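So that the names make sense, note that chain A is the first sequence line, chain B the second, and so on, each numbered from 1. Only heavy atoms go into these numbers, but all of them, side chains included; no hydrogens, no water, no symmetry mates. Here the structure is a predicted model, which is why all the values come from computation and not from measurement.
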Amino acid sequence: MSEEKSLNFIEEIIEEDLRTGKHQSILTRFPPEPNGYLHIGHAKSICLNFGLALKYGGKTNLRFDDTNPVTEDTEYVESIKEDVKWLGFNWANEFYASDYFDQLYSFAEQLIEKGLAYVDDSTSEEIATQKGTPTQSGVRNQYANRTIAENLQLFRDMRAGKYKDGEKVLRVKIDMSSPNMHMRDPIIYRIKHAHHHRTGDKWCIYPMYDFAHGQSDSIENITHSICTLEFIPHRPLYEWFIEQLGIFPSKQYEFARLNLNYTVMSKRKLLQLVNEHHVSGWDDPRMPTISGLRRRGYTPESLRDFAERVGIAKRENLIEFSLLEFCVREHLNKIALRRMVVFDPIKVIITNYEEGKTELLSSENNPEDPNGGVRSIPFGREILIEQDDFMENPPKKYFRLAPGQMVRLKSAYIIQCNEIIKNTDGSIQALHCTYIPESKSGQDNSGIHVKGTLHWVHAPAALQVEVREYDRLFQVENPSSEEGDFKSYLNPNSLKVVTGYAEPSIKEAASHDRFQFLRKGYYCLDKDSSSDKLIFNRTVTLKDGWTKK
RNA sequence: UGCCCGAUAGUAUAAUGGUAGUACGACAGAUUUUGGUUCUGUUUGUCUUGGUUCGAAUCCAGGUCGGGCAACCA
């Protein structure tokens, strides 16, 4: 029967909560800050949050955590929505933390009235100093002694715009000697005379993350609020606010964020790569952003599969890029249209093939897909093959073309190499071959068996296309853990632009198509293409069991 | 030298006191009109020292190592 798939620790918690009746159904949320594009680490979180809801019959909200107007922008809101949709998920509600600003403000007044919050006039430096260090407790300053009435008035004045940025903050009174730095009277409101992408100029004070996130979860009745490990020390604060305010007890659970080798996974670093033009933009196909991977040719299915395979746990991890490549190859192998493209051509003249004659041969679009149909390919006397596929002095077990050796041309004939025509400088100008007429693909009665099959294109019909070949963005496994500037570890050869000579059917390529260029890799049309110049991105190479040897 | 989190093959992730398993990678072979795919096989692991127990990856204690925490960021 079906072998039980083991649960991750969050699924265990949810099943327990459902079993005990703590919750009738679950509600999760994906809470990005709209200050950058989503990356594959977010994809893991999206798949987790939406996947859990799907699995247990619950729902997921998309909530923009937009409490810092100076870094946030609607451009990011739009890209985030597009990415989540593209990944294949539908949110129950589109919310914004800024939807709750009135409510959060009133929560703050409630805390003041309970004597749990006070307005502090100190500078940020003073506050930092007074906070102490992890090994030394902090001290509370004189502002903590203000009366409730005074605090209320001051806070209202802050809201009314009577003070400049940084002049005052609202803090909550907890414990200046807590071993948890986040509990040492954290700031919950600060003054920022800044235009907000949604609330405009309505506010000049904005809540801090800790005062917005948990309450937003609570307002929405989020049952399981899932975030990454670095928020563990925030959890006591998260619970403290909910407790003091007496609101719905959402619970926070933390898992380890995704790290991928040979790249970086922080919005700050990715933004730097974009701003300093090390890449062409957030959707540069070398970027680990969802938009970059999309442009590169990754499919939503492959990303979801990847998220599933990396698993959910609490230990730090650095996932191998090869796993992502495995996932995309596995999907693309099933759906990609096979086409033949020669990258580094050498001319082959089939001396016993009638001059001027062309015939149309048929080839399957995808041998993995019986319903994939066929296409026709012109064949004639002059064809192009890959230089790699010929060797004048081949080593043992070289199955390709060599003097006297025979190979199959995919979906065409078996040919034999008879003569090498060289230029005066010794380079090869062309290969003279003969074909075996009885060996035509599909009706071969030549009785000849060859080990090698080559891709090729009919020289007069070949269509030149631009192909962008990508390699890892960084030269080291974990750029963030290296000495110095992470950008000094960028791979200078992460993009190589080459010309391909493609079979004519490539003209019909559409942007949603996925191709396998036979024996090369998987490719997709880039958005920079025009009708007279097709540009392809290499998503990933085919696994190569030969050149490695 | 405060507090918190963590440690299982190269990389991830299971085993919830009872045979350490799976995937990716690597290696080898079979099949193949893609040196792809598919199939088969091989390889490699419980951080350490004690303790509890008939029995410990699992529970307890000490240690080691890794990560996090002192933004008016999220």
Side-chain angles (χ1 to χ4, degrees), chain A residues 3 5-8 12 31-33 35 65-68 70-72 97 120 122-124 127-129 131-138 165-171 178-182 184 187-192 205-206 208-210 212-213 227-236 254 256 261 267-268 309-327 329-330 333-334 338 340 363-364 367-368 397-400 407-412 414 439 441-442 444 449-455 516-521 541-549:
Chain A
E3 65 273 28
K5 198 173 176 301
S6 58
L7 304 176
N8 64 50
E12 284 182 2
E33 182 187 13
N35 68 345
D65 219 334
D66 56 351
T67 57
N68 185 4
V70 303
T71 56
E72 295 153 5
D120 192 329
S122 310
T123 64
S124 63
I127 289 176
T129 312
K131 221 165 215 179
T133 67
T135 55
Q136 201 174 4
S137 58
D165 286 10
E167 221 174 303
K168 285 182 166 48
V169 291
L170 184 69
R171 301 176 72 175
S178 170
N180 181 343
M181 298 299 288
H182 296 280
R184 322 245 267 223
I187 295 168
I188 60 169
Y189 262 94
R190 75 292 211 187
I191 301 170
K192 273 181 195 281
I205 57 170
Y206 292 92
M208 298 285 288
Y209 166 84
D210 285 305
H213 201 100
C227 61
T228 46
L229 257 26
E230 67 270 27
F231 291 99
I232 290 176
H234 295 252
R235 196 193 324 137
E254 312 87 7
N261 64 6
K267 280 198 256 183
R268 203 193 94 249
R309 285 169 186 271
V310 296
I312 301 297
K314 297 187 79 149
R315 74 186 81 124
E316 300 287 334
N317 58 76
L318 184 61
I319 308 289
E320 291 178 342
F321 207 88
S322 59
L323 181 62
L324 222 202
E325 293 187 328
F326 166 82
C327 293
R329 283 191 188 110
E330 186 174 63
N333 178 50
K334 292 196 191 91
R338 271 55 172 179
M340 293 199 284
S363 189
E364 70 277 15
E368 305 291 318
K397 294 179 80 176
Y398 184 77
F399 303 149
R400 308 176 189 183
V407 293
R408 150 88 52 196
L409 294 177
K410 172 69 184 174
S411 298
I414 292 173
S439 68
S441 189
D444 182 352
H449 288 282
V450 294
K451 286 286 255 182
T453 299
L454 307 186
H455 62 283
Q516 183 195 104
F517 292 170
L518 234 59
R519 303 208 298 141
K520 285 296 182 182
T541 60
L542 246 33
K543 239 167 100 179
D544 187 348
W546 170 247
T547 56
K548 266 185 276 193
K549 294 184 182 178

Could I get a table of every N or O pair under 3.5 Å where one atom is in the protein and the other is in nucleotides 70-72 of chain B?
| from | atom 1 | to | atom 2 | distance (Å) |
| --- | --- | --- | --- | --- |
| B:C72 | N3 | A:G166 | O | 3.4 |
| B:C72 | N4 | A:S122 | O | 3.1 |
| B:C72 | N4 | A:G166 | O | 2.8 |

Reckon A:N180 touches a base, only the sugar-phosphate, or nothing at all at heavy-atom distances under 4.0 Å?
-> nothing

Applying side-chain contact (heavy atoms from CB on, under 4.5 Å) to A:R309 and not counting sequence neighbours gives A:D305, A:L323, A:F326, A:C327, A:E330

Between B:A15 and B:A70 - C1' atom distance, rounded Å = 40 Å

Could you say whether the aromatic ring of A:Y209 and the base of B:A74 stack, counting only centre distances under 5.5 Å and plane angles under 30°?
-> no

Atom pairs under 3.5 Å: protein N/O with N/O of nucleotides 63-65 of chain B:
none

Can you name the ring pair (Phe, Tyr, Trp, His ring centres under 6.0 Å) partners of A:H213, sequence neighbours left out?
-> A:Y209

Base, sugar-phosphate, or nothing for A:G138, non-hydrogen atoms under 4.0 angstrom?
-> nothing

side-chain contact (heavy atoms from CB on, under 4.5 Å) against A:E320, all qualifying residues, sequence neighbours excluded | A:N261, A:S322

Looking only at side-chain N and O atoms, does A:R519 come under 4.0 Å of OP1 or OP2 in B:G35?
-> yes

Test salt bridge (Lys or Arg N to Asp or Glu O under 4.0 Å) applied to A:R519 - qualifying residues, sequence neighbours left out | A:D389

Separation of B:A14 C1' from A:I312 CD1 (nearest whole Å) = 14 Å

Roughly how far apart, to the nearest Å, are B:C59 and B:C5 at atom P?
-> 14 Å

List for me each residue that meets side-chain contact (heavy atoms from CB on, under 4.5 Å) alongside A:T133, sequence neighbours excluded, and say none if there are none.
-> A:T135, A:Q136

Only counting residues at least two apart or in another chain, list the ones meeting side-chain hydrogen bond (donor to acceptor under 3.5 Å, both in side chains) with A:R190.
-> none

Presence of A:R268 side-chain N/O under 4.0 Å of B:A74 phosphate oxygens OP1/OP2 = no

In chain order, what residues pass the side-chain hydrogen bond (donor to acceptor under 3.5 Å, both in side chains) check against A:T71, with sequence neighbours excluded?
-> A:E33

Taking a pair as Watson-Crick (N1 to N3 plus N6-O4 or O6-N4) or G-U wobble (N1-O2 and O6-N3), both under 3.5 Å, which stems of 3 or more consecutive pairs involve RNA chain B?
-> B:2-7 with B:64-69, B:10-13 with B:21-24, B:26-30 with B:38-42, B:47-51 with B:59-63

By side-chain contact (heavy atoms from CB on, under 4.5 Å) - contacts of A:P367 (at least two apart) | A:R338, A:E364

Can you name the side-chain hydrogen bond (donor to acceptor under 3.5 Å, both in side chains) partners of A:K267, sequence neighbours left out?
-> A:N35

Can you find a side chain N or O atom of A:K543 that sits less than 4.0 Å from OP1 or OP2 on B:U37?
-> yes

